[in-house]
Amino acid sequence: MKFFSLAASAALALGVVSANAEPLKVGMITTLSGGGAGLGIDVRDGFMLAVKQAGNENIEVIIEDDQRKPDIAVQLADKLVQSEKVDVLTGIIWSNLAMAVVPAVTAQGKFYLSPNAGPSALAGKGCHPNYFNVAWQNDNLHEAAGAYAKETGYKKSFILAPNYPAGKDALTGYKRFYDGELAGEIYTKLGQTDYAAELAQIRASDADSVFFFLPGGMGISFLKQYADSGVDLPVVGPAFSFDQGILQAVGDAALGVKNTSQWNKDIDNETNKAFVESFQAEYGRLPSLYASQGFDTANLLLSAMGSADVNDADAFRAALLAADFSSTRGDFEFGPNHHPVQDIFVREVIKEGDVYTNKIIATAMTDRADAYAAECKM
Amino acid sequence: MSLLLLIEQVLNGLQFGVMLFLMAAGLTLIFGVMGLINLAHGSLYMIGAFCAAAVAGATGSFVLALVAALAGAAIAGALVEILVIRRLYGKDHLDQVLATFALILIFSEGTRWLFGSFPLFLDVPDALSGPVTLPGGIEYPFYRLTLIAVGLMVALGLFLLISRTRIGIQIRAGENDREMIAALGVDIGRLYTIVFALGAALAGLAGALVGAIQSVQVGMGEPVLILAFVVIVIGGIGSIKGALVGALLVGLTNTLGGIFLPEVMKLFMEPAVATSVGASLASMAIYILMAAVLILKPTGLFGARV
């Protein structure tokens, strides 16, 4: 399956044979099968859309499916670095996979551009000159949710997240800006689909609000069961629990829910408008935040290719750090630890015609960097 | 920890258990009667859920969706039995595992090709949605109560089918000595196809019922498959009664373990550490249960052979 998807996606997506002897080789390891496939597919489609629009023939993308398994991601990374001799790696969705792959590939002198996972360990002490995160540090959207909860006046939140690095970052992030009490704090299994036991605990607690971080299928299950449980507390969460792929499967149960995101399709700038339109035209669906992250990652890479050669690592690194590209988020810049400094918005789930989507209703944080930048020495 | 919460969690454990039973019953019948390890049983669960979501999306009727799930999974099961599985009865378990693992890949990628990679929408019907208040003031989702009832009814139906009907006699005879019943003039090929389709239909029903409260997506069957294997090992291979008892044990252990182990750990350590240690222990609990059962009774609780 692995080889099949490699061959198929390379053939489909590229179709470009470079005239130059040495195109820049990008290895994309992402989740294309199993429960988290929607996220990886969005990142891949966003990335490939930017590559296609650039029409740059000096870039070759090799796409591999990690099946959300850390061991497979490590094997793929070894293969891409050693036999494919890629210059840049990207694509990983899940933080536990990123922790297994990123330190090893950056240590071998390769560049890694993260279109999604931003574990705290890689933003602080474990930061690396060749590691750039184009999406966010994991805590960011949860920090914004905490700030929003505080501003709204929630005093007793019940919080839950899956038991893996990003889940821990999520709850840490929420608690950093939320100053009320906690009615409960639960780590669930990664990939869990039945939340009856957790819902019973929420019901039995005296919480006034629920914060949850459950990306992909986990969020769908949770929201449907929440709507059916009779628990009637306001819900707040990061955009991952309410992304474009999830909302259609959840339906009315998500309407009106507030969530925090660094991106939405109604951010008003030319790049974003063109991105949303061309993504819809190309793939026949609305882009999610993951797609916007993939798109921005590719554009960052293309901008660096325009001004430096990847074989001159120092120059290429400086070109990446300059972030001289037009982002779907408007202004985009890197902090000292190579993580974004950006605004984070509050969105509300709405229905446009037959499609469930989000609209921005407020700004939760402006120019937010992250809590770990000071620990990064490079 | 109030009594109400405890009762609610026991109900959750029961609900999880009866859904596992629907999966495990088919698996144990197929293993018991045909001696076949069917890894693709999780795919049949997924096929049931996708058939239900597609029909519910087209017609809006949940009853039709369930009928489609049963029919779709049964047809897929019968086809798989006739085209692939039939060639595997004489082979050893490794060949069966390889071939049925290939079926998982084919079904997953085929479903992705037909329906795309994004999860499908399948919701609880309006008549069954929302909570009901039970005696004692417990609010519990009506749909989950319905699942418990449906699961127990299916268990009763299966029990009657096996113990009281002609086909049940043939199934039991097939478990004991397949050459002998073939010699007695029973069409063993047809019997195998029927048993396989029956097991598939049960898995499809479970997929559709659970799909309405969880997400309908490619790969949804495999986590359940692993638990179903744990269930049949605990219950004893080939035994429907064992599958029921095993499923309820696993369901209750999984649910109650997830709640109480973190609480117990909090008596010894910091709350934050206790939560994560408790959660890790809880995910091991059913395997510890399985190991304990196997030490005490290597054949499983109701099994006749290893």
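Here the structure is a predicted model, which means the values were calculated and not measured. Every chain is numbered from 1 and lettered A, B, ... according to where its sequence line falls, protein lines coming before strand lines.
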CD (A/E198) and CD (B/Q9) are apart, to the nearest 0.5 Å, by 8.0 Å
Distance col, row A/D232:CG vs B/E139:CD, nearest 0.5 angstrom, shows 10.0 Å
Verdict with supporting geometry, B/R112 and A/L32, side-chain contact (heavy atoms from CB on, under 4.5 Å)
CA-CA 10 Å; B/R112 189 188 309 286; A/L32 301 174; over 6 Å; no
Distance col, row B/F118:CZ vs A/I220:CD1, nearest 0.5 angstrom, shows 10.5 Å
Next item on the list: Kindly indicate, with the supporting measurements, whether the criterion side-chain contact (heavy atoms from CB on, under 4.5 Å) is fulfilled by B/Q217 and A/T193.
Entry: CA-CA 11 Å; B/Q217 59 185 0; A/T193 49; 5.5 Å; no
Would a distance-only check, ignoring hydrogens and angles, find a side-chain to backbone donor-acceptor pair under 3.5 Å from A/Q225 to B/I213?
yes
Between A/G230 and B/P131, the two heavy atoms sitting closest are CA-CG, 3.6 Å
Scored by heavy-atom pairs under 4.5 Å with chain A, the best of B/S129, B/G130, B/G116, B/P223 is B/G130
query: When you look at B/M19 and A/D194, which way does the side-chain contact (heavy atoms from CB on, under 4.5 Å) test go after all the steps?
result: CA-CA 12 Å; B/M19 287 300 112; A/D194 197 334; over 6 Å; no
Between the CG atom in B/N254 and the CD atom in A/Q192, the distance rounded to the nearest 0.5 Å is 8.0 Å
For B/I259 and A/A197, the nearest pair of non-hydrogen atoms, with its separation, is CD1-CB, 3.5 Å
Whether A/K224 side chain and B/L122 backbone form a donor-acceptor pair below 3.5 Å | yes
